[in-house]
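Working notes for the structure below.
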Amino acid sequence: MKITPRLNYDLVAVESEDRVHLMLELDAPVAEAERERPNANLQVVLDRSGSMAGERLVAALRATDSMLARLRPEDRFGLVAFDDEVIVPVAAGPLGDGAAARAALHRIYAGGMTNLGGGLLRGIQESQRISSAEQATLVLLSDGMANQGMTDHGQLETVAHGAHGSGISTSTIGIGHGYDEDLLAAIARGGSGNTHFATDGDGAGAALASEVD
């Protein structure tokens, strides 16, 4: 802030009494316009294995649906889901009005074993396919109970680390009590991302939103 004092007289006689008025001009800095965030490039990898059945899967789906409402049509979004098989309900690309993505969420149900490594790898591939030179964020929502395919913590951390070298950060959201905290922390550490914990859809939604905001 700039303060400029101004007198109503330039000269004041010292022999006589007089009243002098002092005016202060205050110049406040102009506030910078709020910067609009860059377009998001978000890849969600969703665990739909049998151990996620019930409240955990509902929380993960609610969180993803809530996230869609925060994205703009030009934001890029992709969804990979996995149990013992890996599927791509939403191919990575511009979100548009989000109707197709929301419809895809309603078709996801709990399945069998947990091929977490396969889901992570496919999510990375989807991110790489559209991210080019831009940064991308991959968020894994899971209880972390990997029991098929690649299950070693160190290997999965290395996979996430390799993706980070391609400009893809990996964060994890552990769903429900009793999730494998060590595994999800290792993946986030390798991907230079964040680790979150949520017991319900609101908590998971807030965690997911923080990865974009």
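Every value quoted in this text rests on a predicted model; they were computed, and no experiment measured them.
- How far CG of N194 is from CZ of R189: 13.5 Å, rounded to the nearest 0.5 Å.
- I175 and L79 end up in the same hydrophobic cluster when Ile, Leu, Val, Met, Phe, Trp and Tyr side chains are linked at under 4.5 Å.
- Remark: the backbone N or O of G123 is paired with a side-chain donor or acceptor of S127 at under 3.5 angstrom.
- With hydrophobic clusters built from ILVMFWY side chains whose heavy atoms lie under 4.5 angstrom apart, V80 shares a cluster with I168.
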I'd like to know whether V159 forms a side-chain contact (heavy atoms from CB on, under 4.5 Å) with M150, so could you lay out the CA-CA distance, the side-chain angles of the two residues, the decisive distance to 0.1 Å, and finally the verdict. CA-CA 10 Å; V159 168; M150 189 188 310; 3.9 Å; yes

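- Here CG of D84 is found 13.0 Å from CG of L116. Values are rounded to the nearest 0.5 Å.
- Side-chain heavy atoms closer than 4.5 Å link hydrophobic residues (I, L, V, M, F, W, Y) into clusters, and following such links, possibly through other members, connects L105 to L141.
- Across all non-hydrogen atoms, the minimal contact from A101 to V90 is CA-CG2, 3.9 Å.
- Between V86 and R122 the shortest heavy-atom distance is CG1-CB, 3.7 Å.
- Residues S49 and Q148 fail the side-chain proximity criterion, which asks for heavy atoms closer than 4.5 Å.
- Side chain of N147 to main chain of T114: a donor-acceptor pair is present (N/O by atom type, distance under 3.5 Å, no hydrogens or angles).
- Side-chain contact between D202 and R62 is present, with at least one heavy-atom pair separated by less than 4.5 Å.
- Using a 4.5 Å cut-off on side-chain heavy atoms (C-beta onward), T170 and V45 make no contact.
- Formation of a donor-acceptor pair under 3.5 Å by the R129 side chain with backbone atoms of A92 is found in this model.
- At a threshold of 4.5 Å between side-chain heavy atoms, the hydrophobic network of Ile, Leu, Val, Met, Phe, Trp and Tyr places I108 and L68 in one connected group.
- Taking each heavy atom of L57 and A110 in turn, the nearest pair found is CD2-N, 3.5 Å.
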Kindly list each side-chain donor-acceptor pair under 3.5 angstrom involving residues 179-186, sequence neighbours excluded, with atom names and distances?
unit_1, atom_1, unit_2, atom_2, d
D180, OD1, D182, N, 3.4
D180, OD1, L183, N, 3.1

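- Formation of a donor-acceptor pair under 3.5 Å by the T158 side chain with backbone atoms of G154 is found in this model.
- Annotation: side chain of D47 is in contact with side chain of F82 (closest heavy-atom distance under 4.5 Å).
- Between atom CG of residue D152 and atom CD of residue E157 there is a gap of 10.0 Å, rounded to the nearest 0.5 Å.
- Under a hydrophobic-cluster definition in which Ile, Leu, Val, Met, Phe, Trp and Tyr are linked whenever side-chain heavy atoms come within less than 4.5 Å, directly or via other members, L61 and V212 are assigned to the same cluster.
- Residues E211 and S171 bring a donor and an acceptor atom of their side chains to less than 3.5 Å of each other.
- Across D143 and S51, no two heavy atoms sit closer than the pair OD2-OG, 2.6 Å.
- The CG atom of L156 lies 8.0 Å from the CG atom of L121; values are rounded to the nearest 0.5 Å.
- Between the side chains of N39 and R76, no donor N or O sits under 3.5 Å from an acceptor N or O.
- Between M67 and L42 the shortest side-chain heavy-atom distance falls below 4.5 Å.
- Rounded to the nearest 0.5 angstrom, R72 CZ and L95 CG are separated by 11.0 Å.
- Side-chain contact between Q128 and I124: present, with at least one pair of heavy atoms (C-beta onward) separated by less than 4.5 Å.
- Counting non-hydrogen atoms of neighbouring residues, nucleotides and ligands closer than 6.0 angstrom, the NE2 atom of H161 reaches no more than 12 such neighbours.
- Nearest heavy-atom pair across A81 and P89 is N-CD, 3.8 Å.
- Nearest heavy-atom pair, S169 versus S192, reported as atom, atom and distance to 0.1 Å: CB-O, 4.4 Å.
- Put simply, CD on Q43 and CG on L120 are 10.5 Å apart, with the number rounded to the nearest 0.5 Å.
- The shortest side-chain heavy-atom distance between Q135 and N41 does not fall under the 4.5 Å cut-off.
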